[in-house]
Amino acid sequence: MNREQALKIVKEQLTDHRYTHTIGVMETAILLAEKYGADAKKAETAAIFHDYAKFHPKDQMKQIIVEQQMPSDLLDFSSELWHAPVGAYFVEKAVGINDKEILDAIRFHTSGRVGMSLLEKIVYLADYIEPGRHFPGVDEVRNLAKTDLHAALVTSVQNSIMFLLKKGQPVYPLTIDMYNDLVINKEGLIR
């Protein structure tokens, strides 16, 4: 499937604003993939489809999480997390993309996880720093991403966790685990 076909499929699922965001994520993911040695075509595809399920009804997403035996603890946290694993499911079943690396980049673009692949890291970060994003700390992460993917990831996860803590919201365990994994691996500590 080429870029134009993929964008046409996604555009039908998104608002105009979210489609513009998706274009920004796609362009950013391609740049990051080229800079850090990931497969740019896979980065493009994962970025295009990362928010595929963003506007699906919550009750439908909840039903899929239960029926497909996705981690049940997702239901205990913000529904903002749900569109990532549900999106990976839809992209595989409805769109026909079955590349595990692409699907995992979609599946974990909101929560992160321990042992993320380079592609997963790139899509996660591209979603955070795409040019249409404007919030405290994003410019620092954009600058870090130019020279140090790892530092950019650590800072983006720190910012996200602090944002949730300041709002008194729970932090999904995979996100905490991702942060710990990034910090431990950076410092070269042995588990």
> Is any side-chain heavy atom of F163 less than 4.5 Å from a side-chain heavy atom of P136?
Replying inline: no
> When rounded to the nearest 0.5 angstrom, what is the spacing between OG in S117 and CD in E101?
Replying inline: 4.5 Å
> What closest approach, in Å, do F77 and L81 show between heavy atoms, and which atom pair accounts for it?
Replying inline: CB-CD1, 3.7 Å
> How many angstroms lie between NZ in K93 and CG in N98, if you round to the nearest 0.5 Å?
Replying inline: 9.5 Å
>> Between D127 and R133 (salt bridge meaning N to carboxylate O under 4.0 Å), is one present in this structure?
In response: yes
>> Is there a side chain to side chain contact (heavy atoms under 4.5 Å, CB included) between K100 and E92? Walk through the geometry before answering.
In response: CA-CA 9 Å; K100 182 177 178 349; E92 182 176 16; over 6 Å; no
> At their closest point, which heavy atom of G24 faces which heavy atom of P131, and how far apart are they?
Replying inline: O-CD, 4.1 Å
> Are I23 and V138 linked, directly or through other ILVMFWY residues, by side chains that come within less than 4.5 angstrom of each other?
Replying inline: no
> Under the 3.5 angstrom rule, does the side chain of Q5 hit a backbone N or O of N2 as a donor-acceptor pair?
Replying inline: yes
> Out of curiosity, R142 CZ to I129 CD1, how far, rounded to the nearest 0.5 Å?
Replying inline: 7.0 Å
>> To check you understand the geometry: which heavy-atom pair defines the closest contact between L144 and A151, and what is its length?
In response: CD1-O, 3.8 Å
> When you look at NZ of K58, are more than 12 heavy atoms from neighbouring residues, nucleotides or ligands closer to it than 6.0 Å?
Replying inline: no
> Say you draw a straight line from CD1 of I48 to CD1 of I97; how long is it, rounded to the nearest 0.5 Å?
Replying inline: 8.5 Å
> Are L74 and V171 in one and the same hydrophobic cluster, where Ile, Leu, Val, Met, Phe, Trp and Tyr link if side-chain heavy atoms are under 4.5 Å apart?
Replying inline: no
> Would you say the side chain of Y36 lies within less than 4.5 Å of the side chain of K121, judging by non-hydrogen atoms?
Replying inline: no
> What's the shortest heavy-atom distance between T175 and S111, and which atoms?
Replying inline: OG1-O, 2.8 Å
>> The criterion is side-chain hydrogen bond (donor to acceptor under 3.5 Å, both in side chains); which residues satisfy it with Q60, sequence neighbours excluded?
In response: none
> Can you name the closest pair of heavy atoms from A38 and I122 and give their distance?
Replying inline: CB-CD1, 3.4 Å
> Heavy atoms, side chains only, cut-off 4.5 Å: are Q63 and V66 in contact?
Replying inline: no
>> Are V95 and M1 packed together at the side-chain level, in the sense that at least one heavy-atom pair is separated by less than 4.5 angstrom?
In response: yes
> Out of curiosity, does V141 fall in the hydrophobic cluster containing V157 (side-chain heavy atoms, cut-off under 4.5 Å, transitive links)?
Replying inline: yes
> Given side chains that start at C-beta, do those of K11 and T22 come closer than 4.5 Å, heavy atoms only?
Replying inline: no
> Are L103 and L118 co-members of a hydrophobic cluster defined by side-chain heavy atoms under 4.5 Å apart?
Replying inline: no
> Is there a path of hydrophobic side-chain contacts, each under 4.5 Å between heavy atoms of I, L, V, M, F, W or Y residues, that connects L75 with L164?
Replying inline: no
>> Could you check whether any side-chain heavy atom of H56 comes within less than 4.5 Å of a side-chain heavy atom of F90, counting everything from C-beta outward?
In response: yes
>> What verdict does the side chain to side chain contact (heavy atoms under 4.5 Å, CB included) test give for Y89 and I65, after you've listed the backbone C-alpha separation in whole Å, the side-chain angles of each residue and the deciding distance to 0.1 Å?
In response: CA-CA 9 Å; Y89 170 79; I65 289 168; over 6 Å; no
> What heavy-atom pair brings I106 and G87 nearest, and what distance separates the two atoms?
Replying inline: CG2-C, 4.0 Å
> What is the distance from atom CG of L182 to atom CE of M178, rounded to the nearest 0.5 Å?
Replying inline: 5.0 Å
>> Return the CD1 to OG1 distance between I30 and T45, rounded to the nearest 0.5 Å.
In response: 8.5 Å
> Counting only N and O atoms by type, is there a donor-acceptor contact under 3.5 Å from the side chain of D51 to the main-chain atoms of K54?
Replying inline: no
> Just wondering, do L125 and S156 contact through their side chains at under 4.5 Å, heavy atoms?
Replying inline: yes
> With a 4.5 Å limit on heavy-atom distance, are the side chains of W82 and K62 in contact?
Replying inline: yes
> Are more than 12 heavy atoms from other residues, nucleotides or ligands located less than 6.0 Å from atom CD of Q69?
Replying inline: no
>> Quick one: does any side-chain atom of H50 pair with a main-chain N or O of A47 as donor and acceptor, under 3.5 Å?
In response: yes
>> Can you list everything that forms a salt bridge (charged side-chain N to carboxylate O under 4.0 Å, His left out) with E130? Sequence neighbours excluded, please.
In response: none
>> Within a 6.0 Å radius of atom CZ on F55, are there more than 12 heavy atoms belonging to other residues, nucleotides or ligands?
In response: yes
> M116 and L153: side chain to side chain contact (heavy atoms under 4.5 Å, CB included), yes or no, with the steps?
Replying inline: CA-CA 11 Å; M116 291 174 78; L153 279 164; 5.7 Å; no
>> Run the side chain to side chain contact (heavy atoms under 4.5 Å, CB included) test on L31 and E27 for me, step by step, so that the C-alpha distance in whole Å, both residues' side-chain angles and the decisive distance to 0.1 Å come before the verdict.
In response: CA-CA 6 Å; L31 291 172; E27 292 170 349; 5.6 Å; no
> Which pairs with one or both residues in residues 159-169 pass side chain to side chain donor-acceptor pair (under 3.5 Å), sequence neighbours excluded?
Replying inline: Y128-N159
>> Donor-acceptor check, side chain of K35 to backbone of K146, threshold 3.5 angstrom: yes or no?
In response: yes
